[in-house]
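Within every chain, numbering begins at 1; the chains are lettered A, B, ... in the order of the sequence lines, protein sequences first and strands thereafter.
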There are 2 protein chains.
Amino acid sequence: MLRISKLTDYGIVLLARFAAEPPGTTLNAREMSEATGLPLPVVSKMLKTLAGAELLRSQRGAKGGYHLMRAPEAVTVAELLDALEGGVALMDCTAGPGHCEQEQNCNVREPWQRINRAVLGALETVTLAELVQPNTPSNLIDIQLRADAPPSDAR
Amino acid sequence: MLRISKLTDYGIVLLARFAAEPPGTTLNAREMSEATGLPLPVVSKMLKTLAGAELLRSQRGAKGGYHLMRAPEAVTVAELLDALEGGVALMDCTAGPGHCEQEQNCNVREPWQRINRAVLGALETVTLAELVQPNTPSNLIDIQLRADAPPSDAR
DNA sequence: GGATAGGGGACCATTCTGGTCCGGTAAATA
DNA sequence: TATTTACCGGACCAGAATGGTCCCCTATCC
């Protein structure tokens, strides 16, 4: 199905939740659980992951919680998937050399790399901030990408 | 990792193999297995799947085998993934209504649909024929897509 | 010091994935 | 018509991934 995992989905929903708050707002796991309707253990786990990925900053102890480390405008969906899914690679071989034992006699590799870059490019054009905004005209601008001008990091 | 499954990969490799032959060439499972180095049962299974998806036509009996139903230029990668993975949907909710129980109170849905369309668009710009061609200059043309001009079928 | 809240794991049930196998049927050939 | 070739349909299975829970530890606030 070419789908991202549920956990990743949850992580993004959580981040979007933070992005919808005033900058710097601190929220704890319980509040996030209530806000999203997701089970507390799951929320807790994902917040930990997001903090580990340096997308959220954690604050321990009473009155602790999490808050966004960067402005929502500065976080791309590609980064989110990178942090939550460990990179964006349609096939093993696009994840880098040595991932596929057929690397030599495969003639489909290069086009797939292009496709992968294309998809990655698409994901890099959308920011966390845009995920949060309601449907505005400015939201309907083109998502464009060029396969021959690949993004910075071809994972 | 946002990756496609190994089986899908195999399926595409097999199709690419057919596309590399003169139009109408019939090959059977054993030959495909030898050509690709994949185990015969796996090859057989995937060929069956591809035939079921109307990408290959099967011919039973002695001297039987499979051949491409359409010209490689007329088959997009999006179609391949559709046939092999049952559609391209990054998240459950992008697969259509009723797939997510949070459909109501979710504010991230619409942007995701756009992203999904963008990715789908990228996959639709590449054909099976292009997967087969070696690295030619014409192969490096832009892969462009517009999120506001979604493909025919938003799965 | 007590309460709150994150940190780091282990842990587990279920599903998915990759791969195998087998009996049945269709077609070609002799 | 008998035989051989090759697809058809589906069962089946081991192992990995996924989604989710739980627990003990440490940090911080009051």
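- Look at B/S44 and you won't find any side-chain N or O under 4.0 angstrom from OP1 or OP2 of D/dC7.
- When the C1' atom of D/dT21 is taken as reference, atom CG of A/L47 falls 16 Å away, rounded to whole Å.
- Residue A/Q59 places at least one side-chain N or O under 4.0 Å from the OP1 or OP2 atom of D/dC29.
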Begin with the C-alpha distance, continue with both residues' side-chain angles, and end with the deciding distance and a verdict on side chain to side chain contact (heavy atoms under 4.5 Å, CB included) for A/T49 and A/L84. CA-CA 8 Å; A/T49 300; A/L84 291 166; 4.3 Å; yes
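- Applying the 4.0 Å criterion to OP1 and OP2 of C/dT17, one finds that B/Y10 has every side-chain N and O outside that range.
- A/L27 has its CG atom 14 Å from the C1' atom of C/dG6, to the nearest Å.
- If A/K63 and A/T8 are placed on DNA chain D by their nearest nucleotide, the residue sitting closer to the 5' end is A/T8.
- The distance from atom CG of B/D9 to atom P of C/dT17 is 14 Å, rounded to the nearest whole Å.
- OP1 or OP2 of D/dC8 lies within a sub-4.0 Å distance of a side-chain N or O belonging to B/S58.
- Note: CD1 (A/I4) to C1' (D/dT18) measures 14 Å, nearest angstrom.
- Nearest to the side-chain atoms of A/R60 among the listed nucleotides C/dG6, C/dT20, C/dT25 stands C/dG6.
- A/G65 comes within contact range of the sugar-phosphate backbone alone, with a heavy-atom separation under 4.0 Å but no base atom that close.
- Closest-nucleotide positions on DNA chain C for B/G61 and B/S5 were compared, and the one nearer the 5' end corresponds to B/S5.
- Closest to the side chain of A/R3, from the set C/dG19, C/dT4, D/dG19, is D/dG19.
- Rounded to an integer number of Å, the gap from A/L50 CG to C/dG7 P is 11 Å.
- A heavy-atom distance below 4.5 Å is not found between the side chains of A/H67 and A/L27.
- Judged by closest nucleotide on DNA chain D, B/A29 is the one of B/A29 and A/L7 placed further toward the 5' end.
- Distance, B/Y66 OH to D/dT5 C1': 13 Å, rounded to whole Å.
- If you check D/dT5, D/dT21, C/dT20 against the side chain of B/V42, the one that comes closest is C/dT20.
- Here the C1' atom of nucleotide D/dA6 and the CZ atom of B/R57 are 17 Å apart, to the nearest Å.
- Counting atom types as modelled, A/K45 pairs no side-chain N or O with a base atom of D/dG19 as donor and acceptor under 3.5 Å.
- Counting heavy atoms from C-beta outward, A/L55 and A/L15 have side chains that approach closer than 4.5 Å.
- Counted by atom type alone, B/T8 and B/E85 present one or more donor-acceptor pairs between their side chains at under 3.5 Å.
- Atom CG of A/N28 and atom P of C/dG7 are 12 Å apart (whole Å).
- Under the 4.0 Å criterion applied to side-chain N and carboxylate O atoms, A/E79 and A/R70 are assigned as salt-bridge partners.
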